[in-house]
Amino acid sequence: MNVRRSAAVLAATVVIGAACAPVALAAESPSPSPSPSSKALPSGLFGSTDPTYDGVWRQSLALLAQHTVGVKPAAKAVDWLIGQQCESGAFAPYRADASAKCDAKTMVDTNSTAAALQALEALGAEDSVTGAAVKWLKSVQNADGGWGYAPGGASDANSTSVVIGALESADSDPEDQLTNEEKTPYDALLTLSVPCEEDGGGAFAFQPDKKGKLAANADATAAGVLGALGKGLVTEAGDATKGSEKCVRGDSFTRENAAANGALHLADAIAKDGYLKSALAGAEDQPDHGNTADAVVALAAAGRTTEAAKPLAWLEKNSGDWAAQSGPAAYAQLIFAAHATGTNPRDFGGVDLVKQLGATGPAGSNATATDTAVPSKEKDQDEDSGVSVWWIVGVGLVGGIGVGFLISSRNKKQPQP
């Protein structure tokens, strides 16, 4: 997922090196740069800021959120997303000229591909589109069973989790996705679960540090809980009887144990203030709206709806300005949180999230989501894009690239991950 969604990386500083150095997920997204003229942006795209680093991610979350609430996305919005796919099946964050073939310089990634796959599966895209995405994701799986942000990058909890959700959405069981070393995606996640006896025990780490030590990361934990449960970006409340009030470890440690431990850690982290915090170097801790929304989804999925109630109420009261500033992926994250907890997204603290999301892109229609027609990949591939510095959304979705954090990933992780 988130995301994939909360933490933010200043996308303009991203430099992919040969070694694909890991990146840590960071604080709440600052204001995005002024957007280019709306005429420079594709007409089917959600959001008004430069899509260079998050176009596919925010589009995928927006379409998935509309589908979740029964809104039929505009055909041109779905068509734009399909048109972003490379022949290999992979997606890059954004391709200004989708009519040009992808080549070795096209910087495709697992997060954009997994988010697009989840959205297009929900919308009933053709097997030729979704099947190609699944095939590509499987082709870039690491030997340890997981995925990094960029192909070949070290596995991280966020990327591995959003890919698991994508594979599940495509009815491709991650348990059957074995590497040459007999490892599954869940095996990779288990190695990123912080041992109970260590600081931050029960949480998930984004990646091990250079010495192999695991440090608790709230964004990675929210993503890891969903991944370990085999859930995607959109989920409903889980069985409350499966929770535990004690961090569990042992020789028979399972992915369900890891998910329960992660949810327990999130519940403890969020209990005092009702929200999670993030910080930029040299700045004071501040509320992380995106990560808090992701935590609500994770807590609900793990059956901890009681603990999810406080952060949900905080979001209903305090997320308006953040969402308006951050854009479509942020509205989608809030809709996912509302859906997971059985809350009405059309009356979220007095705000209609569905309407607000719809205002950031092509108008959809109030029809059953199953009626959504998926247009062909060949249409509308001639739009231009604007260029300005933008903060990518995402779930902690930037593992495996050298950058100068997760847009507070969720997008998130972003504005938006």
Side-chain angles (χ1 to χ4, degrees), residues 1-5 54 56-65 67-68 78 81-82 84-86 88-93 108-142 145-151 153 155-177 179 184-186 188-189 222-235 255 294 297-298 301 329 332-333 336 374 393-400 409-413 417:
M1 314 179 171
N2 220 87
V3 193
R4 179 176 260 253
R5 285 196 88 274
D54 81 315
V56 165
W57 178 263
R58 78 194 193 201
Q59 189 83 352
S60 299
L61 265 65
L63 297 180
L64 190 56
H67 176 275
T68 299
V78 182
L81 180 59
I82 293 175
Q84 289 287 299
Q85 188 176 37
C86 295
S88 66
F91 285 77
V108 296
D109 68 85
T110 61
N111 289 242
S112 297
T113 303
L117 177 56
Q118 290 192 47
L120 293 174
E121 275 289 348
L123 295 172
E126 295 181 0
D127 290 343
S128 60
V129 174
T130 57
V134 169
K135 184 177 180 180
W136 182 81
L137 287 170
K138 290 182 176 181
S139 75
V140 296
Q141 183 181 21
N142 291 331
W147 287 266
Y149 178 82
S155 298
D156 66 76
N158 297 70
S159 298
T160 299
S161 296
V162 73
V163 173
I164 286 175
L167 293 177
E168 287 284 4
S169 73
D171 294 325
S172 182
D173 190 351
E175 291 278 17
D176 297 332
Q177 187 57 29
T179 67
T184 73
Y186 296 120
L189 278 184
V225 168
L226 290 181
L229 290 172
K231 304 294 185 180
L233 296 169
V234 177
T235 186
R255 63 185 179 93
D294 293 342
V297 175
Q333 284 179 271
F336 297 157
V374 179
V393 176
V395 160
L397 301 180
V398 284
S409 149
R410 271 160 353 10
N411 246 118
K412 91 126 156 89
K413 219 185 256 0

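Heads up: numbering here begins at 1 and tracks the sequence.
Side-chain contact between Val162 and Trp147 is absent, with no heavy-atom pair separated by less than 4.5 Å. With a 4.5 Å cut-off on side-chain heavy atoms, Asn111 and Ser159 count as touching.
The closest donor-acceptor contact from the side chain of Gln118 to the backbone of Val234 lies at 3.5 Å or more, if one exists at all. A donor-acceptor distance shorter than 3.5 angstrom exists from the side chain of Thr110 to the backbone of Gly148, with no hydrogens or angles considered.
Annotation for Ala122 and Leu64: closest pair CB-CD1, 3.7 Å, computed over non-hydrogen atoms. Contact record, Gly232 with Leu226: O-CD1, 3.8 Å, taken as the closest heavy-atom pair. The two residues Leu61 and Ala115 make their nearest non-hydrogen contact at CD1-CB, 4.4 Å. Gly145 approaches Ala188 most closely through the heavy-atom pair C-CB, 3.8 Å. The two residues Ser161 and Leu189 have their closest heavy-atom pair at OG-CD2, 3.7 Å. Across every non-hydrogen atom of Pro174 and Pro185, the tightest pair is O-CD, 3.1 Å.
Qualifying side-chain contact (heavy atoms from CB on, under 4.5 Å) partners for Ser139, counting only residues two or more places apart in sequence or in other chains: Trp136. Qualifying side chain to side chain donor-acceptor pair (under 3.5 Å) partners for Lys135, counting only residues two or more places apart in sequence or in other chains: none. Applying the side-chain contact (heavy atoms from CB on, under 4.5 Å) rule to Ser155 yields the partners Asn142, Asp144, Thr160; only residues at least two apart in sequence or on another chain are considered. Residues that satisfy the side chain to side chain donor-acceptor pair (under 3.5 Å) test with Ser169, not counting sequence neighbours, are absent from this structure. Every side chain to side chain donor-acceptor pair (under 3.5 Å) that Ser112 has, sequence neighbours left out, goes to Asp109. Partners of Ala92 under the side-chain contact (heavy atoms from CB on, under 4.5 Å) rule, at least two apart in sequence or in another chain, are Arg95, Thr106, Val108. In this structure, the side-chain contact (heavy atoms from CB on, under 4.5 Å) partners of Ala116, at least two apart in sequence or on a different chain, are Val56, Ser60, Leu81, Phe91. Annotation: side chain to side chain donor-acceptor pair (under 3.5 Å) contacts of Thr184 (sequence neighbours excluded): Asp187.
Atom CD of Glu168 and atom CD of Glu175 lie 8.5 Å apart (nearest 0.5 Å). Taking CG from Leu229 and CZ from Arg255, the interatomic distance works out to 7.5 Å, rounded to the nearest 0.5 Å.
Taking a 6.0 Å sphere around CG of Asp127, one finds it holds 12 or fewer heavy atoms contributed by other residues, nucleotides or ligands.
Screening Val163, Asp171, Ile164 for a side chain to side chain contact (heavy atoms under 4.5 Å, CB included) involving Leu167 leaves a single residue, Val163.
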